[in-house]
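Here is the structure we will look at, set down as structure tokens.
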Number of protein chains: 2
Amino acid sequence: MEHYKVGEIAEKIGVNIETLRYYEKIKIMPKPKRMESRYRIYDELDLKRLLFIKRAKELGFTLKEIKELLNIKIESTATCGDVKHLAENKLTDIEERIKDLKSIKNVLVKLVNQCVCEELSTDECPILEVIDPKTKSLKGGDTI
Amino acid sequence: MEHYKVGEIAEKIGVNIETLRYYEKIKIMPKPKRMESRYRIYDELDLKRLLFIKRAKELGFTLKEIKELLNIKIESTATCGDVKHLAENKLTDIEERIKDLKSIKNVLVKLVNQCVCEELSTDECPILEVIDPKTKSLKGGDTI
DNA sequence: ATAATATCAGTAGTAGAGTACGGAGTCAAG
DNA sequence: CTTGACTCCGTACTCTACTACTGATATTAT
């Protein structure tokens with residue numbers, strides 16, 4: 001099994017070393033094993049976890065939410081049904097994100113293909129039409 | 001045309017009044033018209049813009065990026081070709097977001113349908129497999 | 001007309017997510 | 001066996017995106 005020192009893994013995923021210590025502190029990353037010198041050692045699983053965290057952040061999840069996503073299966077206190085229920089909520093959230101991103105994408109596609117930029121009055125920005133006002137905010141609902 | 005006072009529109013979209021003043025300050029929202037009393041007045045277009053900002057934020061865009069998205073068509077200094085080029089980059093970014101969200105979605109669907117939570121060892125978290133490490137980070141590229 | 005409520009502008013404070021700094025211990029090359 | 005690079009830990013600082021507070025006007029309800 002590959003293993004890395006903190007500087008190596010930081011380099012590999014493109015984050016600051018301090019970020020790794022920070023993730024450890026807020027418990028989104030587990031405490032890594034240590035060498036005799038107390039240097040941290042990371043493995044492939046840590047690498048995967050960090051890549052997931054990085055991308056999920058870019059996709060708009062908070063570290064708190066990412067922690068929940070990563071812990072979905074470990075919640076041994078919850079019944080399988082509970083976990084299922086919560087996973088379903090995350091799923092709904094993600095489906096809505098995909099839907100809205102697709103709407104934005106469509107507008108950009110039109111913009112790129114037709115190059116309509118000159119033809120639009122300053123007042124009508126096509127991108128404003130993509131969000132359906134009927135979509136209610138789901139904030140404050142269930143969390144996993 | 002409908003119009004709203006700051007408190008009304010804040011209520012309508014579910015943000016703090018101060019947030020509206022903040023958005024005005026950082027110029028992501030235009031300066032609104034005023035009543036004789038100097039009270040701000042917002043209209044339907046402002047409402048749409050604010051809904052877009054709110055949702056785009058939830059989708060992981062920064063206010064800076066959202067500003068760029070909203071200004072894509074107004075950049076009259078840029079040639080149509082430039083705008084097109086930049087819109088294409090945004091498009092690529094969004095397509096990748098959709099792709100990765102779909103991967104996460106698939107894992108959650110499996111989780112929900114098969115309720116595999118009990119069957120997995122603590123070590124193997126299915127969600128960690130969704131991000132393809134070959135995907136390079138595109139940070140620092142073009143911005144609009 | 002007057003109390004309660006809303007808005008004004010400016011400034012200060014907060015939460016989340018890092019990022020930097022400093023002095024000490026560790027390792028690897030010359 | 002020392003010099004330079006790496007890592008350790010704790011603490012302090014930064015940046016983004018708000019959020020709160022204040023004392024002064026403005027509007028609205030009774």
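Naming convention: chains lettered A, B, ... in sequence-line order (proteins, then strands); numbering from 1 in each chain. Side chains included, hydrogens not; waters and symmetry mates left out as well; all remaining heavy atoms used.
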Exercise for review: Mind calculating the distance between OH (Tyr42(A)) and C1' (dT7(D)) to the nearest angstrom?
Suggested key: 11 Å

Revision key, fill the gap. Ile66(A) CD1 to dG16(C) C1', in whole Å, measures 12 Å

Study note, to complete from the structure: By nearest-heavy-atom nucleotide on DNA chain D, the more 5' of Phe61(B) and Val6(A) is Val6(A)

Review point. Hey, does the side chain of Arg34(A) come within less than 4.0 Å of dC9(D)'s phosphate (OP1/OP2), counting only N and O?
Key: yes

Review point. Does Arg97(B) make a cation-pi contact with Phe61(B) (under 6.0 Å, within 45 degrees of the axis)?
Key: yes

Review point. Between Lys105(B) and Glu95(A), does at least one N-O distance fall below 4.0 Å, as a salt bridge requires?
Key: yes

Check your understanding: Please walk me through it: do Glu44(A) and Tyr4(A) pass side chain to side chain donor-acceptor pair (under 3.5 Å)?
Key -> CA-CA 9 Å; Glu44(A) 290 299 324; Tyr4(A) 318 91; 2.5 Å; yes

Exercise for review: Mind checking Ile26(A) for me? I need base, sugar-phosphate or nothing, with any heavy atom below 4.0 Å counting as a touch.
Suggested key: nothing

**Study point:** Whole-Å distance separating the CD1 atom of Ile17(A) from the P atom of dT19(C)
**Key:** 12 Å

Check your understanding: Rounded to the Å, how far apart are Leu20(A) CG and dC9(D) P?
Key -> 12 Å

Practice item. Please report, rounded to the nearest Å, how far the C1' atom of dT7(C) is from the CD1 atom of Ile9(B). Key: 15 Å

Check your understanding: Are any of the side-chain heavy atoms of Asp93(A) and Asn89(A) separated by less than 4.5 Å?
Key -> no

Check your understanding: Taking C-beta and beyond as the side chain, do Met29(B) and Leu20(B) meet within less than 4.5 Å on heavy atoms?
Key -> no

Practice item. Could you tell me the separation between the CD1 atom of Ile41(B) and the C1' atom of dC8(C), rounded to a whole number of Å? Key: 15 Å

Review point. Could you give the NZ-to-P distance, from Lys54(A) to dA17(C), as a whole number of Å?
Key: 17 Å

Exercise for review: Determine, for Glu24(A) against Arg21(A), whether the closest basic-nitrogen to carboxylate-oxygen distance falls under 4.0 angstrom.
Suggested key: no

Exercise for review: Using heavy atoms to find the nearest nucleotide of DNA chain D for Thr62(B) and Arg40(A) separately, return the residue whose nucleotide is more 5′.
Suggested key: Arg40(A)

Check your understanding: Rounded to whole angstrom units, what separation is found between the CD atom of Glu65(A) and the C1' atom of dG16(C)?
Key -> 12 Å

Exercise for review: Consider only side-chain heavy atoms of I, L, V, M, F, W and Y, link residues closer than 4.5 Å, and tell whether Leu101(B) and Leu91(B) are in one cluster.
Suggested key: yes

Practice item. Do nucleotides 18-30 of chain D as a string where each nucleotide becomes B, S or -: B if the base has a protein heavy atom under 4.0 Å, S if just the sugar-phosphate does, - if no protein is that close. Key: BBBB----BS---

